[in-house]
Each structure stands twice: as structure tokens, then as C-alpha cells.
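Before any comments, here is the structure.
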Amino acid sequence: TTLSSLATTAMIITVMYFYQSLLAILLTYLLAWTLTRGFFFFLVKQKYGIRGEADRTPELAAVGAHFTAVNILNTIAGYLDRVLLFQWIGAAEVATYTIAGAAMEQVKGVFKNASALSATRFSTRTEKELRDTMIRKMLTIGSAALVVAFTYIALAPVILPFFFPK
């Protein structure tokens, strides 16, 4: 996804240099996003193949549907606050809110795929193994998250005035 993002960004910057049309920029984004992800999909499909219908079970489909529904709800919740803020207080304030939260969004990106990655590891372990190691792992991740949060709280008053001078 990093290569896809870099390629998409490069295409958008190129179009922005030659055209100042919002429509051209949006169409470039959609086209670049689709082409880069399609390219990598076919690349992975050629290298690893895709499992047939025999490997799909009703339980797997139910888990996939659950993860998809949770992801859709998370996406809606993640942007609903911005839509409401835009309606109530305006575009400049939403921009301020978005920039102020950008660092935390990047931190969230680190943990974005944690559930998918951990699900495969959890499925190969017994319940006893999971119970024995779960508390230690939760404390470790929670401690790391607290350190990041307190660091952000300490640094935000120093850094944000550079972006938002009075």
C-alpha cells in the first residue's frame, strides 16, 4: 500500500502541476487509486494464486462479513465528526481539527491491521496459551499507547502554534 500511495501521490502532483482543475485532480486520484491497487492485485494473483470455492466455508464468510461491517462502521464514525463540525462551525475550524489530529491518525495507522495480523496467530494457539500471554501483551500495548498519548499531549502545545499562528 505504500507503493500505491506513493504512485497515486506522484500522479496527483503531476496533474496539479499541469492542471488546476478540481475535477481533473479528483479523477486522477480515483484513476490512480484504482490502477495501482488493480496492478498489485493482479501481481499478487499471478504470484500466489487465489484459492478456489472449495476453500470457502460458511464460517469464513460470516467472519469476513463481520469484519467488513465493523470496518464500514469504523469508517463512518471516523468521518462523521468532521461532517458535523463542518455543518456547525465551518471549514477553517474543520481544517484546524484535522491537522491537530493528524499525528494521532498516523499512530492509528500503525495499529490498523493489528486485528487481521493477530487473528491468524491467535487461531493457531490454544485457549490456555492465549490466556497466559494476553494480559502481558495488553499491558505492553497499553503502556506503549500511553507513552505515545502523553508525548503527544506534551508536544502538541509546542508544535501546533507553528501551524496555527495567531
Side-chain angles (χ1 to χ4, degrees), residues 1-53 55-56 60-120 141 144-166:
T1 59
T2 302
L3 291 175
S4 296
S5 297
L6 289 174
T8 302
T9 303
M11 289 182 209
I12 291 171
I13 290 171
T14 303
V15 167
M16 287 173 65
Y17 181 76
F18 292 109
Y19 306 100
Q20 281 73 41
S21 167
L22 179 62
L23 182 61
I25 295 168
L26 287 174
L27 288 176
T28 301
Y29 170 75
L30 293 173
L31 183 66
W33 191 92
T34 303
L35 289 176
T36 56
R37 277 152 181 86
F39 170 75
F40 286 114
F41 170 77
F42 287 114
L43 191 69
V44 169
K45 183 178 174 185
Q46 290 293 331
K47 185 169 182 173
Y48 298 106
I50 293 182
R51 296 179 187 162
E53 291 292 326
D55 292 337
R56 296 186 185 143
L60 183 62
V63 169
H66 174 75
F67 280 140
T68 300
V70 168
N71 191 25
I72 289 170
L73 291 174
N74 283 338
T75 302
I76 291 170
Y79 289 101
L80 186 61
D81 59 346
R82 292 183 183 120
V83 172
L84 294 174
L85 283 174
F86 179 80
Q87 292 297 322
W88 285 330
I89 62 175
E93 288 78 8
V94 172
T96 303
Y97 173 76
T98 302
I99 291 172
M104 294 314 294
E105 289 295 322
Q106 294 300 315
V107 172
K108 278 177 35 181
V110 172
F111 297 106
K112 184 178 179 182
N113 296 320
S115 63
L117 294 173
S118 62
T120 56
I141 292 172
L146 280 174
V147 168
V148 170
F150 284 127
T151 303
Y152 178 73
I153 290 169
L155 293 178
V158 176
I159 295 173
L160 290 179
F162 289 111
F163 293 106
F164 307 111
K166 291 185 179 186

Working note: Leu85 + Ile89, criterion side-chain contact (heavy atoms from CB on, under 4.5 Å); need CA distance, chi angles, decisive distance, verdict.
CA-CA 6 Å; Leu85 283 174; Ile89 62 175; 3.8 Å; yes
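- Atoms CG and CG, from Leu84 and Leu80 in turn, are 4.5 Å apart once rounded to the nearest 0.5 Å.
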Donor-acceptor contacts, no H, no angles, side chain residues 10-25, under 3.5 Å, sequence neighbours left out:
from	atom 1	to	atom 2	distance (Å)
Thr14	OG1	Ala10	O	2.8
Gln20	NE2	Met16	O	3.1
Ser21	OG	Leu23	N	3.3
Ser21	OG	Ala24	N	3.3

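- Residues passing the side-chain contact (heavy atoms from CB on, under 4.5 Å) test with Ile72, sequence neighbours excluded: Thr68, Ile76.
- With a 6.0 Å radius and a threshold of 12 heavy atoms from other residues, nucleotides or ligands, Tyr152 has its OH atom above the threshold.
- Leu3 and Phe40 make their closest contact through CB-CZ, 3.8 Å (heavy atoms, listed as atom of the first residue, atom of the second, distance).
- Distance CD1/Ile153 to CG/Leu146: 9.0 Å, rounded to 0.5 Å.
- Taking both residues in full, the closest heavy atoms of Thr34 and Leu30 are given as OG1-O, 2.8 Å, listed atom of the first, atom of the second, then distance.
- The minimum heavy-atom distance linking Ala156 with Pro161 is given by the pair O-CD, 3.9 Å.
- Annotation: side-chain contact (heavy atoms from CB on, under 4.5 Å) contacts of Thr98 (sequence neighbours excluded): Arg82, Val94.
- The line from OH of Tyr29 to OG1 of Thr9 is 9.0 Å long, rounded to the nearest 0.5 Å.
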